Number of protein chains: 2
Amino acid sequence: MSGISHATVSRLPRYLRLLEELEGAHETVSSDDLAVAAGVNAANVRRDLSDLEFQGTRGVGYSVPSLGDRIRRELGIESRRLVAIIGAGNLGTALARYDGLAKRGFDVTAIYDTDPNRVGQSIGDVQIQRMEDMPMDCKVGCFDMAILAVPANAAQSVTDLLVKEGVHSILNFAPVRVSVPEGVAVRQVDLSTELQILSYYG
Amino acid sequence: MSGISHATVSRLPRYLRLLEELEGAHETVSSDDLAVAAGVNAANVRRDLSDLEFQGTRGVGYSVPSLGDRIRRELGIESRRLVAIIGAGNLGTALARYDGLAKRGFDVTAIYDTDPNRVGQSIGDVQIQRMEDMPMDCKVGCFDMAILAVPANAAQSVTDLLVKEGVHSILNFAPVRVSVPEGVAVRQVDLSTELQILSYYG
DNA sequence: TAGATTGTTAATCGATTAACAATC
DNA sequence: TAGATTGTTAATCGATTAACAATC
């Protein structure tokens, strides 16, 4: 449908990373530079950008700021995105403290936990809230993406709740596949799976 | 060379997850069940297992324990794997506390940090050690895989050190691509990249 | 013009899948 | 035997890449 393949989408952040490094310092960048940075073939880069209908200049390269804008627009991150973290355990706390998120345009605007002892405490400048407050916050536009850092057994029910409130981008750190309706995107990051795959190649 | 594709390797952990749930309860499993659990096509499952030269029984299915063994063997996780965590900041600590690792055969045997205040403290039953102790620990076989939870600017130098000491499986949580010699496997998990991709689909 | 680099074609490669004979 | 399910073929689909004309 949208005509841009998943393989291409997954490379866009890697291009963007180089572009953001270059911004201010270089006017243009070549497909070759992008290829090296992203660890792919230069023809692949040109094909990707051509899929975005983004044009470069022969003999010169691609405009760094324009390409950055184009990719950010494609990814839907022209403006800052508001993210909630669900679960303020070890992992949720670690993720909330990670400043690399803000640097790349993602603001953690809310953190929720079910533990009454944890509620009210602050991580950085965000206060941990009761899970019950989540639906209302979401409705008021406090966030529209969520990072799941809850135990496996809570993952599906929390997901259902998030989806119900209109969140349609979920990054799931719980070690279970959650199911979501059409139109909602989930990506799962699973430590053991990563290590198992690594084990094969290492 | 080894004849089993990356696409196949990346599905093996998903099959294994179902198999481990089923172990004890069911003797056999069908390609269809595996397919549903892994979110792939049943023909794809059969092709994968056939690539492993693992045979099922027509009309019956695949032996749950044998297939589990076969996949564990292929992934190199028949016996427990020993893992070091480098960096005892928020993320390193969260990962060290995560009990899902031990459950899936990965033992965190060492944690290192450069912060003298952190050294000597314990996470679970593992004491944080000085970075300088890492090479010797590695040589003695204390671990042979590593999880990098250090700042971006330290990632490459720590990687070089790990590689030098013989580690050839590295899971990198630092938001930079590290380069390694042939034969060393690295996988990178990057939060912003995940969110950017999610943003596209969500 | 000469050198650089894009944009695109066509070839190649690899992975997925429908379909069905084999066989438990 | 009848029903279930594998193993494999052949078709399809999709992604990568070498190569080069176009053009700055």
Side-chain angles (χ1 to χ4, degrees), chain A residues 1-16 18-19 22 25-71 74 197 200-201, chain B residues 1-16 18-19 22 25-71 74 197 200-201:
Chain A
M1 36 174 249
S2 79
I4 143 168
S5 76
H6 176 69
T8 296
V9 171
S10 70
R11 283 186 293 264
L12 297 183
R14 305 192 221 168
Y15 302 153
L16 190 54
L18 176 64
L19 290 164
L22 260 37
H26 290 264
E27 250 334 280
T28 62
V29 64
S30 68
S31 57
D32 213 47
D33 294 339
L34 286 162
V36 170
V40 302
N41 183 289
N44 205 331
V45 173
R46 295 198 292 274
R47 162 68 51 109
D48 285 341
L49 302 192
S50 161
D51 287 351
L52 290 183
E53 281 159 330
F54 185 86
Q55 302 228 342
T57 307
R58 290 168 203 241
V60 178
Y62 300 92
S63 155
V64 169
S66 308
L67 181 52
D69 286 346
R70 180 68 189 86
I71 292 180
E74 190 65 26
I197 293 173
Y200 177 83
Y201 290 108
Chain B
M1 38 174 251
S2 79
I4 143 167
S5 75
H6 175 69
T8 296
V9 172
S10 70
R11 284 186 292 265
L12 297 183
R14 305 191 220 168
Y15 301 152
L16 189 54
L18 176 64
L19 291 165
L22 260 36
H26 291 263
E27 250 335 281
T28 61
V29 64
S30 68
S31 57
D32 214 48
D33 294 339
L34 286 162
V36 170
V40 301
N41 184 289
N44 205 332
V45 173
R46 295 197 292 275
R47 161 69 51 109
D48 285 341
L49 302 191
S50 161
D51 287 350
L52 290 182
E53 281 159 330
F54 185 85
Q55 301 228 341
T57 308
R58 290 168 202 243
V60 178
Y62 300 92
S63 156
V64 168
S66 309
L67 180 52
D69 287 345
R70 180 68 189 86
I71 291 179
E74 189 66 25
I197 294 173
Y200 177 82
Y201 290 107

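Letters go in sequence order (proteins before strands), and every chain restarts at 1. All values reported here derive from a predicted model rather than from experimental measurement.
The listed nucleotides are dA19(D), dA22(D), dG7(D); the one nearest the side chain of Arg58(B) is dG7(D). Checked against dA10(D), dT16(D), dT6(D), the side chain of Ala7(A) finds its nearest nucleotide in dT16(D). Set against dT16(C), dT8(C), dT17(C), the side chain of Arg11(B) has dT16(C) as its closest nucleotide. Relative to the side chain of Ala43(B), the nucleotides dA18(D), dT6(C), dA19(C) differ in distance, and dA19(C) lies closest. The side chain of Arg47(A) approaches dT16(D) more closely than any other nucleotide in the set dT6(D), dG7(D), dT16(D). The listed nucleotides are dA10(D), dT8(C), dA15(C); the one nearest the side chain of Arg46(A) is dT8(C). Among dT8(C), dT17(C), dA19(C), the nucleotide with an atom closest to any side-chain atom of Asn44(B) is dT17(C). Closest contact between the side chain of Ser50(A) and the listed nucleotides dA15(D), dT17(C), dT8(C) involves dT8(C). Counting only heavy atoms from C-beta on, Thr57(A) has its side chain closest to dC24(D) among dC24(D), dT6(D), dA10(D).
Here the P atom of nucleotide dT17(C) and the CG atom of Asp32(B) are 13 Å apart, to the nearest Å. For the pair Glu27(B) CD and dT5(D) C1', the computed distance is 17 Å after rounding to whole Å. Going from atom CG of Asn41(B) over to atom P of dT8(D) covers 17 Å, rounded to whole Å. Atom-to-atom, CG of Asp51(B) to C1' of dA15(C) comes out at 10 Å; the value is rounded to the nearest Å. Between the CG atom of Asp48(B) and the P atom of dG14(C) there is a distance of 16 Å, given to the nearest Å. To the nearest angstrom, P of dT8(D) lies 12 Å from CG of Leu49(B). Between the OH atom of Tyr62(A) and the C1' atom of dA4(C) there is a distance of 13 Å, rounded to whole Å. Rounded to whole Å, atom P of dA15(C) lies 13 Å from atom CG of Leu12(B).
When all heavy atoms of Glu74(A) and Tyr200(B) are compared, the closest pair comes out as O-CD1, 3.2 Å.
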Full working for side chain to side chain contact (heavy atoms under 4.5 Å, CB included) between Leu49(A) and Leu34(A): CA-CA 11 Å; Leu49(A) 302 192; Leu34(A) 286 162; 4.2 Å; yes

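Using Watson-Crick or G-U wobble geometry with both donor-acceptor distances under 3.5 Å, dG14(C) finds its partner in dC13(D). With a cut-off of 3.5 Å on both Watson-Crick or G-U wobble distances, the partner of dA19(C) is given as dT8(D). Across all strands shown, dC24(C) forms a Watson-Crick or G-U wobble pair, both distances under 3.5 Å, with dG3(D).
In this structure, Ser31(B) reaches the dT6(D) phosphate: one of its side-chain N or O atoms is under 4.0 Å from OP1 or OP2.
In this structure, CD in Glu27(A) is found 8.5 Å from OG in Ser66(A), a value given to the nearest 0.5 Å. Ile71(B) CD1 to Tyr15(B) OH: the interatomic distance, rounded to the nearest 0.5 Å, is 8.0 Å.
Two residues are said to be in side-chain contact when any heavy atoms from C-beta on lie closer than 4.5 Å; Leu16(A) and Leu12(A) fail this criterion. Looking at Asp48(A) and Val40(A), their side chains never come closer than 4.5 Å, going by heavy atoms from C-beta outward.
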